[in-house]
Structures are given as structure tokens and as C-alpha cells.
Amino acid sequence: MPVAQCSCGGLTATVDAYSPVVAACHCLACQRRSGSPFGTAAYFPVEAVTITGERREWTRATASGSTATTSFCPTCGGTIALALARRPEMIGIPIGTFADPHYPSPIRSVWEEDKHDWVEVTAFQHFPQGSQ
């Protein structure tokens, strides 16, 4: 079973199998959350994910007018899960937390309006702003 974990290992997410539903988001909030020009997450049905360890949650407004809740480790601050109010049946796990360089690449690229100029997006499906 694939296991995702924060930097200190205190917070983990276990899934039955890797998900091919991976998205790259270029919105400013994902840039700030990830510390990179975009955030990437694999999305799973909520019932397919088991999260263990102490965690904190933070809910923010999204640019599309909904909310997103980030679950993170209180010790190292690493994000382990993302929940979008408009898709309550799914949970996102940042793919970097699996620490597997062979994890499938994103199939969707969203909020490209905020994309850094030097980032080239060629292999993904592209969706207009607000359609996520």
C-alpha cells in the first residue's frame, strides 16, 4: 500500500493504490502552500484514504468561490491532504508526499492564468479558470 508522509513522518496517509487522477494547480494559494510554482495532488475517494497522526486543518476561500481545507502536520508543517468543498467525495494527497519519483504525472492543469512564465505545460488537459 502506498504511504504518503510529512517531512517528520508524524502524519501519514495510506491508500490502496496510486490514483491516476493527478492535477497540477497554478493558483496563487497552491503556490504559497507548496512553496513552488504549482501544487500537484492525486485525488482519491475519501473512503480509500486512511490518515493517521496528529494534524491541524486550515480552511481558506478559493478563487473559484468555494473553500479548500488543508490538513498538515503541527510539527513540521507538511501538507498531507487537501479537501475541496465542491468535491466532498474526494481527497487530494500531494504527490511529493509519496516520495516516489515514478508517480504518474498530472493529467490536468488548472488555474494557468497564475502560471509562472517559465513553466511549460504541454502534456496535460487544460481547463479554463473557474472550471475546476
Between [X] and [Y], is there shared hydrophobic-cluster membership here, with clusters defined by ILVMFWY side-chain heavy atoms closer than 4.5 Å?
X	Y	result
M90	I93	no
F44	Y18	yes
I91	V15	yes

Under a 4.0 Å threshold between the charged nitrogen and the carboxylate oxygen, would E89 count as salt-bridged to R87?
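The answer is yes: the pair qualifies as a salt bridge.
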Between atom SG of C73 and atom CD of E54, what is the distance when rounded to the nearest 0.5 Å?
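Result: 7.5 Å between the selected atoms.
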About how many Å separate CD of E113 and CG of L28, when rounded to the nearest 0.5 Å?
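Reported value, rounded in 0.5 Å steps: 10.5 Å.
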Identify the heavy atoms of [X] and [Y] that sit nearest to each other, and give their distance.
X	Y	answer
I95	A42	CG2-N, 3.6 Å
F98	P2	CE2-CB, 4.0 Å
W111	C25	CD1-SG, 3.9 Å
T52	L11	O-CD1, 3.3 Å
C6	I80	N-CD1, 3.8 Å
I51	A81	CD1-CB, 3.9 Å

Is there a donor-acceptor contact under 3.5 Å from the side chain of S19 to the main chain of Y43?
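Yes, the answer is positive, given that a donor and an acceptor are paired below the 3.5 Å cut-off.
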Are the side chain of S36 and the backbone of F38 linked by a donor-acceptor contact shorter than 3.5 Å?
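Answer holds: yes.
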Derivation of the side-chain hydrogen bond (donor to acceptor under 3.5 Å, both in side chains) call for T50 and T14:
CA-CA 5 Å; T50 302; T14 304; over 6 Å; no
Please determine whether the number of non-hydrogen atoms from other residues, nucleotides or ligands lying under 6.0 Å from atom CZ of R60 exceeds 12.
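Yes, CZ of R60 has more than 12 neighbouring heavy atoms, counting only those of other groups under 6.0 Å.
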T62 vs R86, test: side chain to side chain contact (heavy atoms under 4.5 Å, CB included). Steps then yes/no.
CA-CA 10 Å; T62 64; R86 64 176 27 188; over 6 Å; no
